[in-house]
Chemist: 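The structure follows.
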Amino acid sequence: MLNDLKRGELIVFAAPSGAGKSSLIKEIVSNNENIELSVSATTRIPREGETHGKDYFFISDKEFNDLKEKEAFIESANVHGHQYGTLKTFVEEKLENNISVVLDIDVQGFSQISESIKDIISIFIIPPSLDELKKRLVLRGLDTEEVINKRLINAKKELKHAESFDHIVLNDDFNRAFNQITSIIFDKNYEYNDTNNKNILEDLLD
Ligand code: 5GP
């Protein structure tokens, strides 16, 4: 089933940090050789274990601004105080080779892309609650308290944009969320009742 994509498609994922987006994307990509994750450029410092060219292209502000000036990005945004951008050449090369590309970007990036590209699958991942989100951010131990607080403030802002995505997927159970995403990507006629997810989104926005 996971080889059913006929040509390269753009699949955009967004979520507040801690919603489990990266793990879900990793699972989707590792289960399908026809889907790859776009490697973005960023001015953020690499975290322990991150590799240049695999997790991100870690570049300086000057390099980032030069690329931006040369229109090398499909979209770019300042997220949590750092610059991030999707590289045009990276994405185009994959799509031309019938590889679908997952973009793990923030809502500002999605709004830029959706203005210029119509044929995309867009998925917004929501956590079951803001308390759960905070718990996950603390547990993963990647960020300082200050950074976690910044990410939680941004989470509320990001959630306000969830409804502009084609699909809202609740990640309260990893396997269920993974199966739902798989169906969204591979089954063009797949319809699910997302009223429950929308109700949870409303609670998150309260
Ligand atoms: P992190 O620093 O935790 O890897 O990523 C922080 C946020 O930046 C995440 O929400 C991620 O989706 C977003 N991000 C990563 N790459 C890009 C990109 O190329 N463009 C945009 N707009 N956001 C990105």
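These values consider heavy atoms only, across backbone and side chains, with no hydrogens, waters or symmetry-generated copies. Keep in mind the model is a prediction, meaning the values are calculated, not measured. In each ligand, atom 1 is the first atom listed, and ligand 1 is the first ligand listed.
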Chemist: If you measure from each heavy atom of Gln112 to ligand 1, is any distance below 4.0 Å?
Modeler: no

Chemist: What atoms in ligand 1 come closer than 4.0 Å to a heavy atom of Arg151?
Modeler: 2 (O), 3 (O)

Chemist: In the single-linkage hydrophobic clustering (I, L, V, M, F, W, Y; side-chain heavy atoms under 4.5 Å), do Tyr84 and Leu67 co-cluster?
Modeler: no

Chemist: Looking at ligand 1, is there an atom of it that comes within less than 4.0 Å of some heavy atom belonging to Gln83?
Modeler: no

Chemist: Same cluster for Val147 and Phe58 if Ile/Leu/Val/Met/Phe/Trp/Tyr side chains link at under 4.5 Å?
Modeler: no

Chemist: Can you name the atoms of ligand 1, numbered from 1 with element, that are less than 4.0 Å from a heavy atom of Asp104?
Modeler: 11 (C), 12 (O), 14 (N), 15 (C), 16 (N), 17 (C), 24 (C)

Chemist: Can Lys68 be said to sit on top of Phe64's aromatic six-ring, NZ or CZ under 6.0 Å from centre and within 45° of the ring axis?
Modeler: no

Chemist: Using heavy atoms and a 4.0 Å limit, tell me yes or no: is Arg44 in contact with ligand 1?
Modeler: yes

Chemist: Could you tell me, atom by atom, which parts of ligand 1 come under 4.0 Å of a heavy atom of Gly109?
Modeler: 22 (N)

Chemist: Should the proximity of Glu75 to ligand 1, defined as any heavy atom under 4.0 Å, be assigned to the side chain, the backbone, both, or neither?
Modeler: side chain

Chemist: Does the ring center of Phe124 lie less than 6.0 Å from the ring center of His167?
Modeler: no

Chemist: What are the atoms of ligand 1, with element, lying closer than 4.0 Å to any heavy atom of His80?
Modeler: 6 (C)

Chemist: Which residue and non-hydrogen atom of the protein lie closest to atom 19 (O) of ligand 1, and at what distance in Å?
Modeler: Ser40 OG, 2.6 Å

Chemist: Which residue owns the protein heavy atom closest to atom 3 (O) of ligand 1, what's the atom, and how far is it?
Modeler: Arg47 NH2, 2.9 Å

Chemist: Only one of Asn31, Asn171, Asp173 forms a side-chain contact (heavy atoms from CB on, under 4.5 Å) with Phe178, so which one is it?
Modeler: Asn31

Chemist: For atom 7 (C) of ligand 1, what is the nearest protein heavy atom, given as residue, atom name and distance?
Modeler: Val79 CG1, 3.7 Å

Chemist: What is the closest protein heavy atom to atom 9 (C) of ligand 1, and at what distance does it sit?
Modeler: Lys21 NZ, 3.9 Å

Chemist: Salt-bridge test for Lys70 and Asp66: reply yes if a basic N is under 4.0 Å from a carboxylate O, no otherwise.
Modeler: no

Chemist: Please check: side-chain N/O of Glu50 versus main-chain N/O of Arg47, any donor-acceptor pairing under 3.5 Å?
Modeler: yes

Chemist: When only distance counts, is Glu50 in polar contact with ligand 1, meaning an N/O pair under 3.5 Å?
Modeler: no

Chemist: Identify, by atom number and element, the atoms of ligand 1 in contact range of Ala77, meaning under 4.0 Å from any of its heavy atoms.
Modeler: 22 (N)

Chemist: Between the side chains of Ser129 and Glu132, is a donor N or O closer than 3.5 angstrom to an acceptor N or O?
Modeler: no

Chemist: Does Tyr56 reach ligand 1, in the sense of a heavy atom lying below 4.0 Å from it?
Modeler: yes

Chemist: Without hydrogens or angle criteria, can the side chains of Glu9 and Ser100 be said to hold a donor-acceptor pair below 3.5 Å?
Modeler: no

Chemist: For atom 6 (C) of ligand 1, grab the closest protein heavy atom and report residue, atom and distance to one decimal in Å.
Modeler: Tyr84 OH, 3.6 Å

Chemist: Between Asp106 and Glu158, which heavy-atom pair has the shortest distance, and what is it?
Modeler: CB-OE2, 3.4 Å

Chemist: Show the atoms of ligand 1 that are less than 4.0 angstrom away from any heavy atom in Gly85.
Modeler: 18 (C), 19 (O)

Chemist: Can Ile123 be reached from Leu37 by stepping across I, L, V, M, F, W or Y side chains whose heavy atoms are under 4.5 Å apart?
Modeler: yes

Chemist: Ligand 1 versus Asp106, non-hydrogen atoms closer than 4.0 Å: side chain, backbone, both, neither?
Modeler: both

